[in-house]
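Hydrogens, waters and symmetry mates are skipped; everything else that's a heavy atom, side chains included, is used. Residue numbers begin at 1 in each chain, while the letters A, B, ... track the order of the sequences.
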Amino acid sequence: MRYWLFKSEPGCFSFQDLQNCPDATEHWDGVRNFQARNFLRDEIAVGDRVLFYHSSIPQPVVVGLCRVVRAGYPDHTALDPGSEHFDPKATPDKPIWYMVDVRAEQALPQPVPLEVIREHPSLRQMPLINRSRLSIQPLSELEFETILQLGGVS
DNA sequence: GCCAACGTTGGC
DNA sequence: GCCAACGTTGGC
């Protein structure tokens, strides 16, 4: 099992939005970055655990805990001319872009702010610190468990 | 709103 | 294949 951090702007799609979906489950679509795509297509597996991060707000925070419920499959929004994520280079044979499905498990009792992550000695290597733009980030088990602990998950 | 980081594009 | 120009992201 592996550990990940998924970023989202809450004004676009928040952890609460995910919790409000049927079965608290939704597609994680619209990712248009090749490194993140490779994680979605090749490495993220059913059962993997995911931290949900809110970016581009006054105090960015890790807010929730999710589980991967479907591994990578073609992101059909790339084929839809009406979608804001439409990519004219994508075809059914060569979809280019991939998505997974995630289910919200619980909100962190105490959301963990970026400034706390930045200060914590065990979290110095997290991509959030030096690769903040990557929207799908792999975490070590220690990093994942440390954030759960900071977030008050027992 | 600014700016640094960084990914993508396109000319050569 | 290099690299400058440009666009986007995201923290502050």
Distance below 4.0 Å between [X] side-chain N/O and [N] OP1 or OP2:
X: A:Lys89; N: B:dT9; answer: yes
X: A:Arg131; N: B:dG7; answer: yes
X: A:Tyr53; N: C:dG11; answer: yes

Checklist entry - If you measure only the distance, is there a donor-acceptor pair under 3.5 Å linking the side chains of A:Thr77 and A:Asp75? => result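 There is such a pair between these side chains.
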
Item to check | Ring centroid separation A:Trp4 to A:Phe52 under 6.0 Å | outcome: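 Between A:Trp4 and A:Phe52, the centre distance exceeds or equals 6.0 Å.
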
If I take atom [atom1] in residue [X] and atom [atom2] in nucleotide [N], what distance separates them, rounded to the nearest angstrom?
X: A:Leu128; N: B:dA5; atom1: CG; atom2: C1'; result: 15 Å
X: A:Glu84; N: C:dT8; atom1: CD; atom2: P; result: 13 Å
X: A:His85; N: C:dT8; atom1: NE2; atom2: P; result: 14 Å
X: A:Leu134; N: B:dA4; atom1: CG; atom2: P; result: 22 Å
X: A:Arg133; N: B:dC6; atom1: CZ; atom2: P; result: 8 Å
X: A:His54; N: C:dC12; atom1: NE2; atom2: C1'; result: 19 Å
X: A:Glu9; N: C:dG11; atom1: CD; atom2: C1'; result: 12 Å
X: A:Ile57; N: C:dT9; atom1: CD1; atom2: P; result: 16 Å

Checklist entry - Which part of the nucleic acid, if any, lies within contact of A:Arg118, taking any heavy atom under 4.0 Å across all strands shown: a base, the sugar-phosphate backbone alone, or nothing? => result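 Touches sugar-phosphate only.
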
Checklist entry - What nucleic acid atoms does A:Pro60 come within less than 4.0 Å of, heavy atoms only: base, sugar-phosphate, or nothing? => result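 Sugar-phosphate only.
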
Checklist entry - A:Phe13 vs A:Trp28 aromatic rings, parallel, tilted or perpendicular, using cut-offs 30° and 60°? => result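 Perpendicular: the ring planes of A:Phe13 and A:Trp28 meet at over 60°.
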
Checklist entry - Among B:dG7, B:dT9, C:dG11, which nucleotide sits nearest the side chain of A:Leu114? => result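 Comparing B:dG7, B:dT9, C:dG11 against the side chain of A:Leu114, the answer is C:dG11.
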
Next on the checklist: A quick test of your reading: do over 12 heavy atoms of other residues, nucleotides or ligands sit less than 6.0 Å from CD of A:Gln106?
Outcome noted: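 Above 12, so yes.
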
Next on the checklist: Just checking A:Gln16: does its CD atom have more than 12 heavy atoms from other residues, nucleotides or ligands closer to it than 6.0 angstrom?
Outcome noted: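 Count not over threshold, so no.
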
